[in-house]
Colleague: 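Once you've had a glance at the structure underneath, I'll fire off some questions.
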Amino acid sequence: MAKQMMAKLVGSRVYVRGKQTKKQKKNDQPADPKKIGKVHNLVFSADSRVVVGVMLKRPDIAGMVKQDDRFIPLDALKFVDAGVICRGEKGDFDKDACKRLSLDLDHCIIWGGADVYCESGKFLGYVMDASVDVETGEVDCFCAQEGSTASSLVGTFDIPAAWVVRYDRGRMIVKDQAAKIELSGGLAGKAGEGYAAAKEGAKQAASRAGAAASVAVDKGSHGLGRVIGKAKVGVQHAVEDFQEASGANGSAQTGKAAANTATGDASAAAGNRVAQAKATSDNGAKAARVVGEQLGKTKGMFSGFLREFKDASK
């Protein structure tokens, strides 16, 4: 897997070898992998021709206290299908790694999301991706795109790494011929459709999809948690309103007609709220089943990664 896209590598889980159990020592087996974080960014050399390493995003302490990212050089990493294996030695992190490689991290660049301008000052877009040889670190090209529309719809401008001139105040400055590059990939690029029309259509579609998605599940399991939470709160509020209006909370009702009217109105309101909460809960339940199915599949995935890890550790 020499050539890889930056977007695929960012977010990959990074593992080191854990401590051997007594059984593993006895059978001379490598220790199981231990997750230490995820790839946060790729770090490029000052001339942008080579990836020198990655920034490791470490998990928060107790889920609250954020930890600083750590630098890991490329020569300490092995990229496999299910993640990234880090050698995990002392000279593989931060200042020790930079000293070992005579690398000045202050002159390195993180290009993800940077503005792209021609030398003439023309704006081309943003760095959305890059093609990298993970064995050598050599950068083939940077993929830029104007706006936030999905690249699968409108494609990207593939700018050769050799055309990158310099870094300038958070911007990537490229040669002027980059302005003549045509879109590659994407439905609009392949079909020869208008770029602006594709962007506008995608924007409207995204808006409609976003409105629909907000009713059910938004952003995976975190969204699922919010949906289920809202359903519980909705049901609780409906019950409380019903009890208060019907006198179940201990307050005295004066007048049979007033009591019947209040109870009837509250029952209708409560019924509506319970119905709405039930619909949301049903959406949450369906999503929960999907998430549960996916979580069940991870056991097999991890077993496969464990085999990969042990093979790479031999």
Colleague: Rounded to the nearest 0.5 Å, how far apart are SG of C118 and CE of M172?
Modeller: 12.0 Å
Colleague: So L103 and C108, do their side chains get closer than 4.5 Å, heavy atoms only?
Modeller: yes
Colleague: Starting from L74, can I reach L101 by hopping between I/L/V/M/F/W/Y residues whose side chains sit under 4.5 Å apart?
Modeller: no
Colleague: Can you name the residues that form a side-chain hydrogen bond (donor to acceptor under 3.5 Å, both in side chains) with S45, not counting sequence neighbours?
Modeller: D47
Colleague: Just wondering, do F71 and V54 contact through their side chains at under 4.5 Å, heavy atoms?
Modeller: no
Colleague: Does F44 form a ring-ring contact (aromatic ring centres under 6.0 Å, His included) with F142? I'd like the steps, not just the answer.
Modeller: CA-CA 12 Å; F44 296 83; F142 290 94; 5.3 Å; yes
Colleague: Please find the pair of heavy atoms, one from A114 and one from G170, that lie closest to each other, and give the distance.
Modeller: CB-O, 3.7 Å
Colleague: For a 4.5 angstrom cut-off between non-hydrogen side-chain atoms, does Y15 reach I36?
Modeller: no
Colleague: Would L56 end up clustered with V84 when hydrophobic side chains under 4.5 Å apart are linked, directly or stepwise?
Modeller: yes
Colleague: Measure the spacing between CZ of F157 and SG of C141 and express it to the nearest 0.5 Å.
Modeller: 13.5 Å
Colleague: Decide, yes or no, whether a salt bridge links D96 with K99 under the criterion of side-chain N to carboxylate O below 4.0 Å.
Modeller: no
Colleague: When you look at NZ of K25, are more than 12 heavy atoms from neighbouring residues, nucleotides or ligands closer to it than 6.0 Å?
Modeller: no
Colleague: Using 0.5 Å steps for rounding, measure from the CD atom of E138 to the NZ atom of K3.
Modeller: 7.0 Å
Colleague: Is there a chain of hydrophobic side chains (I, L, V, M, F, W, Y, each step under 4.5 Å between heavy atoms) that links I109 to V10?
Modeller: yes
Colleague: Is atom CG of D60 surrounded by more than 12 heavy atoms (other residues, nucleotides or ligands) closer than 6.0 Å?
Modeller: yes
Colleague: Could you report the tightest heavy-atom contact between V132 and V51, atom names first, then the distance?
Modeller: CG1-CG2, 3.7 Å
Colleague: Check the side chains of Q145 and D129 for a donor-acceptor pair under 3.5 angstrom, ignoring hydrogens and angles.
Modeller: no
Colleague: Are there over 12 heavy-atom neighbours, none belonging to D28, within less than 6.0 Å of that residue's CG?
Modeller: no
Colleague: Is any side-chain heavy atom of I85 less than 4.5 Å from a side-chain heavy atom of L77?
Modeller: no
Colleague: Using modelled atom types only, decide if a donor and an acceptor are shared between the side chain of D176 and the backbone of E119 within a distance under 3.5 Å.
Modeller: yes
Colleague: Would you please name every residue forming a ring pair (Phe, Tyr, Trp, His ring centres under 6.0 Å) with Y167, sequence neighbours left out?
Modeller: W111
Colleague: For the hydrophobic clusters of this structure (ILVMFWY residues joined by side-chain heavy atoms under 4.5 Å, transitively), does one cluster hold both W163 and M6?
Modeller: yes
Colleague: Side chains of S131 and M5, heavy atoms from C-beta outward: is any pair under 4.5 Å?
Modeller: yes
Colleague: How many angstroms lie between atom NZ of K38 and atom CZ of R13, to the nearest 0.5 angstrom?
Modeller: 5.5 Å
Colleague: Do you know which two heavy atoms are closest between V164 and S48, and how far apart they sit?
Modeller: CG1-OG, 3.8 Å
Colleague: What about V52 and L9, same hydrophobic cluster or not, with Ile/Leu/Val/Met/Phe/Trp/Tyr joined at side-chain heavy-atom distances under 4.5 Å?
Modeller: no
Colleague: Please determine whether a side-chain nitrogen of the Lys or Arg among D92 and R100 lies less than 4.0 Å from a carboxylate oxygen of the Asp or Glu.
Modeller: yes
Colleague: Strictly below 4.0 Å, N to O, side chains only: are K57 and D69 in salt-bridge contact?
Modeller: no
Colleague: With side chains defined as the heavy atoms from C-beta onward, is the minimum distance between I159 and L124 less than 4.5 Å?
Modeller: yes
Colleague: Going by heavy atoms in the side chains, are Y126 and V116 under 4.5 Å from each other?
Modeller: no
Colleague: Quick check: do P30 and Q24 have side-chain heavy atoms less than 4.5 Å from each other?
Modeller: no
Colleague: Test side-chain contact (heavy atoms from CB on, under 4.5 Å) on R17 and K34; report intermediate values, then the result.
Modeller: CA-CA 6 Å; R17 183 184 297 178; K34 175 186 176 183; over 6 Å; no
Colleague: Give, for atom NZ of K26 and atom CD of Q29, the distance between the pair rounded to the nearest 0.5 Å.
Modeller: 11.5 Å
Colleague: When rounded to the nearest 0.5 angstrom, what distance separates NE2 in H40 from CE in M55?
Modeller: 9.0 Å
